[in-house]
Asks: 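My questions will all concern the structure given below.
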Amino acid sequence: MVRVEFRVLGTLEAVVDGSPVPITSPRQRVVLANLLMAANHVVTVEKLIGAVWDTSPPPSARGQIQICISALRRALGRPEIIDTNPLGYSIRVARPQLDYLMFDDALAKGRSAAAQGRLDEALTHLDRAIDIWSGPALGGVPGRAAEVVSHRLEERRIMALEDRAEIRLGLGGHRELVEELVALTTEYPLRERLWGFRMLALYRSGRQAEALATYRTARTNLVGELGIEPSQYLRKLERAILSQDTSLSGDVDDRRTGTATSVHRPQELPADLPDFVGHATLIDALTTTLTSGDAKRVPIAVITGAPGCGKTSLALHVAHLLRTEFVNGSLYACLYGSTAQPRSTDAVLSDLLHGLGVAAATIPVERGQRINLLRSQMATRRLLIVLDDVGGEEQIADLLPGVPGPAVLITSRRRLAGIPGARAVDVDMMSADESLTLLGRICGEQRVAAAPDVAAELADMCGGLPLAVRIAGVRLAAHPHWAVGNLLDRLRDERSRLDELSHGEVAVRSLLVDVYESLTEPAQTLFWLLSALELHEFSAWTAAALLDCDTKRATVLLDELADVRLLEAHLSAFTRQPRYRFHELVRVFAGEHRLARDDRGECTEAVARSLGALLAFAEEAHLRIYGGRFAVLHGTAPRWAGAPTEFDRFLGNPTAWFDEERITLEVAIRQAAELKLDELCWELAIVSVTMYERRGLFAEWRATHNIALQATNRAGNRRGAAAVLASLGSLGVAQHAEDDGENLMHAMSLFDAAGDQAGSALTLRNLAHLDRIQGRPGMAVLRYEQALEKFRAVSDLGAQAHVLSGLARSYLDLGSPDQAESLAKESLALGEQLGNRRLQAQALYRLGEVFADSGQALAAKAVFQSALDLARAQDDRVGQSYALNGLGAAMLEQNEFTAAEIHFSEAVEICRMTNERNVHAHALFGLGRVYLSRSEFDTAEHFFVQAANAFAMQENDPWHSRSLEELGALRRAAGRLPARSRSEPVGEGTATG
């Protein structure tokens, strides 16, 4: 197995099996750097383009990025290390393979050990972290983006140097440290923390005068460069040195500030959880925020999240990690803001003053005086104040410090956006691995290891909710005679799941009950109605249809639910509108309330109304994409009457809407079938083909239609069954599958029996497609002409244009290019008459095929380019792949090898995302021809092998044979053995064949 390692903390470098790999292309270095800095996460193509070309990228930018990716895959010797994603690319790297991840790990271990007083261990980790660096980060990577990242990494290195210096001071290494600190303050003259360490190291070394001179030098630098005086930290340290304060002798608690204090030092934090798991990124963000040392404002961090997600546990864990940072102590107050009886601000004021050592008798009665006293007591102290379970900004506005010194850590179910300057972090659910780790730490790692699959399912039942996982672990620990599967069996029944997730006074349900009872009655109604839908996510119009109200009212109620975290909300990446979803256990809780009402009629009616809204939106999206309702059958399922008023708001980009509702449509089809809403079921399935076809989602197409077919057959709905069978036959055409011909013939008989002209025409068109693909162009022409006559009878111009395009291809296959050209142009004219860009793109592609087959390369290039432009304007990926492949072939005929490579490569990338197998195989073949033309035999062989195997998988014998012929000729030209038997899959060639 090839071992690949990467280095970014110095000159960018890739090391394969211990040897550096030369990556000399500046563009490749930029692309690799961006992938590595987002290791294991997707980097969009747009971001890569922006990194390579700061401004004005060329039209071929996407293609050139693909070429860079291909070159990197070859250079690294492991093509699978860079994944392709619908949005871009990601590089798969384990932490030991990337130096900056190793640096982060060592730094985190060092800080954790230091926080727990293990200074020798901390010093070892920090030494290791700093030694990983070999020079300025991302050396040799051009561009502004790389410069920004380099500065950010350099900041982390300086902080690590500061942490190491602090620990060495704590271990009494002040004499040896002086020289290093002199060098560091010279290199970084504006880092006050380093100046303070240098002053303290000099003072402890018996060099008081030099320590005071160091302060004056620091002040000169700060005033001269920034125009500001040194911070209170340095000023206090200077005063302490002048007075020879005994606290500077080396007390670890005082090493951060270097000052003594005689005031009370509260330590009010509840205990940290010994089995705390996860949230490394959030911990880093919170510690950075709380220890920012900003001289102008109080650091405030707000932890938000759903009930039971572990907000308090995270806050206390972070607070304990920072105890040595806040040497004047820590205050803690729970405000019970999420309950029916939150604590008053006055009561909390008194508690905090007591915590600071203020005697009860001296606390003012008047509230304003009490607030002023609290702020005076907190001023300039290095205090950490933890305010837990805050209900709203008004509850804590008078508790916040007025001047820098303290830091405040807040937990709340609400986002508290009204607190100026606060940084909010949202606690997400635990990952599957984190849930298993926590479960093992509580009930015993050996029990989890003994049944890993069962334990994983148990953790999944808890939905990543830390409270639920913790309760499950405690229940197992309390019952050592149980197998993990015993508890899992109890949780499988949704009706008793929340009963099982309780232990003593701790229960998931009790948390949710408090929140539910705080809701208004309309929000409670929407809450349990939403649980009747089986959808994973929903929009405001979904809720509006459930309640049969307008979306403005529905949005108010949805936001009420989201504010208290009974729903999770996020902004759609597609429509830029809010989307909502349940946590699984919250959905179970809502379902309990729905079942308790025993009102199935109301629920079924509301669900049917909401699914009818989905159908109305999907039909409108189809209309906006295709420019008309042609070639789609409609039934009698009711549409929600309120839907049209919301079309413009949600369907500004109808293709994006389909992308967003992809899973929703599939789930809705299943639920409609379960509720015996057969007419709604088949209509939802048919209208979804708009998306399935454009995105190449053939498996989903077949699965949803099989559900609809069962539903219509069960209900005796013959027209619905015929419509589904015809669509399944169309899928067979798209997948080049022969077995779906029976579906088309069955649909044809049903439509003919019902006298349904439109359905019969659609089926004939699909049968003609199948004839053409399976090499029967004469029969295809006959059926196309029959379909055309029927479409003309029902005045479906769009369907006519589509049929004319198929006729053109069939006449081309029959050797009649003039007739084919005339038909393609007639199809184009109809598309233009309708203003339908998709039909125009298909007709242009067909016309391009005609010109290419006639040897008119220039004309072919022009129309293929026009087809590509139209497909891109509609975000039609499948259409783009066809046009790109045609354009690549036309370029290749004119020996424009680089342009052909770019177009074939982009077609390949799109086909991998859309599962468009036919174009994919042809584009691979085209790339083989490109590299063969350049005499790059190894690369050409690689692509011909892939093409041959792809054609074999499709049972496309003519093109499989052609690929093998090209491969055999190439191997003979390169002095290799002949290709293998045509009946076997082809393997990658080697130097010996």
Asks: Are E560 and T520 close enough that a side-chain donor and a side-chain acceptor fall under 3.5 Å?
Replies: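 E560 vs T520: donor-acceptor pair found between side chains.
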
Asks: Kindly compute the distance separating CG (D796) from CG (L788), expressed to the nearest 0.5 Å.
Replies: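 Reported to 0.5 Å precision, the distance equals 11.0 Å.
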
Asks: Could I get the full list of side-chain contact (heavy atoms from CB on, under 4.5 Å) partners for Q757, not counting sequence neighbours?
Replies: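 Partners of Q757 under the side-chain contact (heavy atoms from CB on, under 4.5 Å) test: K790, A793, V794.
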
Asks: Is there any salt bridge (Lys or Arg N to Asp or Glu O under 4.0 Å) pair reaching into residues 517-536, and which pairs are they, with sequence neighbours excluded?
Replies: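 Sorted result for residues 517-536: empty, none.
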
Asks: When you check the gap from the basic side-chain N to the acidic O, do R639 and E683 get nearer than 4.0 Å?
Replies: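 Looking at R639 and E683, the cut-off is met.
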
Asks: To the nearest 0.5 Å, what is the distance between CG (L744) and OG (S749)?
Replies: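 Interatomic distance, L744 CG to S749 OG, rounded to 0.5 Å: 11.0 Å.
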
Asks: Report the residues that fulfil salt bridge (Lys or Arg N to Asp or Glu O under 4.0 Å) with E605, sequence neighbours left out, ordered by chain and then residue number.
Replies: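 E605 satisfies salt bridge (Lys or Arg N to Asp or Glu O under 4.0 Å) with R609 only.
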
Asks: Can you tell me how far apart CZ (R492) and CG (L487) are? Round to the nearest 0.5 Å.
Replies: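 Rounded to the nearest 0.5 Å, the CZ-CG separation comes out at 10.5 Å.
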
Asks: Around atom CD of E789, are there more than 12 heavy atoms from other residues, nucleotides or ligands closer than 6.0 Å?
Replies: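 At most 12 heavy atoms, drawn from other residues, nucleotides or ligands, come within 6.0 Å of this atom.
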
Asks: Taking atom CD of E679 and atom CG of L684, what is their separation to the nearest 0.5 Å?
Replies: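 It comes to 11.0 Å.
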
Asks: Taking side chain to side chain donor-acceptor pair (under 3.5 Å) as the test, write out the residues that go with H570, two or more places apart.
Replies: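 For H570 the side chain to side chain donor-acceptor pair (under 3.5 Å) partners, ignoring immediate neighbours, are E537, R581.
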
Asks: Y845: what forms a ring pair (Phe, Tyr, Trp, His ring centres under 6.0 Å) with it, not counting sequence neighbours?
Replies: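 Here the qualifying residues are F864, Y882.
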
Asks: F647: which residues meet the ring pair (Phe, Tyr, Trp, His ring centres under 6.0 Å) condition with it, sequence neighbours left out?
Replies: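 F647 satisfies ring pair (Phe, Tyr, Trp, His ring centres under 6.0 Å) with F617 only.
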
Asks: I need the minimum non-hydrogen distance between L633 and I686, along with the two atoms involved.
Replies: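 Taking every non-hydrogen atom into account, O-CG2, 4.3 Å.
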
Asks: Who pairs with A621 by side-chain contact (heavy atoms from CB on, under 4.5 Å), at least two apart in sequence or on another chain?
Replies: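 By the side-chain contact (heavy atoms from CB on, under 4.5 Å) rule, A621 matches L651, P654, W657, F658.
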
Asks: Taking ring pair (Phe, Tyr, Trp, His ring centres under 6.0 Å) as the definition, give me every residue that meets it alongside H802, ordered by chain and number, with sequence neighbours left out.
Replies: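 Partners of H802 under the ring pair (Phe, Tyr, Trp, His ring centres under 6.0 Å) test: H769.
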
Asks: If the condition is side-chain contact (heavy atoms from CB on, under 4.5 Å), which residues does R415 pass it with, not counting sequence neighbours?
Replies: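 Residues passing side-chain contact (heavy atoms from CB on, under 4.5 Å) with R415: T304, D426, R565.
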
Asks: Ring pair (Phe, Tyr, Trp, His ring centres under 6.0 Å) with F527: which residues, sequence neighbours excluded?
Replies: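 By the ring pair (Phe, Tyr, Trp, His ring centres under 6.0 Å) rule, F527 matches Y516, F582.
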
Asks: Among residues at least two apart in sequence or on other chains, which ones pass side-chain contact (heavy atoms from CB on, under 4.5 Å) with N85?
Replies: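 So N85 forms a side-chain contact (heavy atoms from CB on, under 4.5 Å) with V42, L87.
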
Asks: Quick test of your reading of the model: are E674 and R670 salt-bridged, counting only N-O distances below 4.0 Å?
Replies: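 Judged by the 4.0 Å cut-off on N to carboxylate O distance, E674 and R670 do not form a salt bridge.
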
Asks: Can a donor-acceptor pair be found between the side chains of H634 and E619 at a distance below 3.5 Å?
Replies: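 Judged by distance alone, the side chains do pair up.
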
Asks: Regarding E646 and T551, do their side chains bring together a donor and an acceptor under 3.5 Å, going by distance alone?
Replies: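 Yes, a side-chain donor-acceptor pair sits under 3.5 Å.
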
Asks: Going by salt bridge (Lys or Arg N to Asp or Glu O under 4.0 Å), name the pairs with one or both residues in residues 707-717, residues two or more places apart or in two chains.
Replies: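 As it turns out, there is no salt bridge (Lys or Arg N to Asp or Glu O under 4.0 Å) pair with a partner in residues 707-717 once direct neighbours are skipped.
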
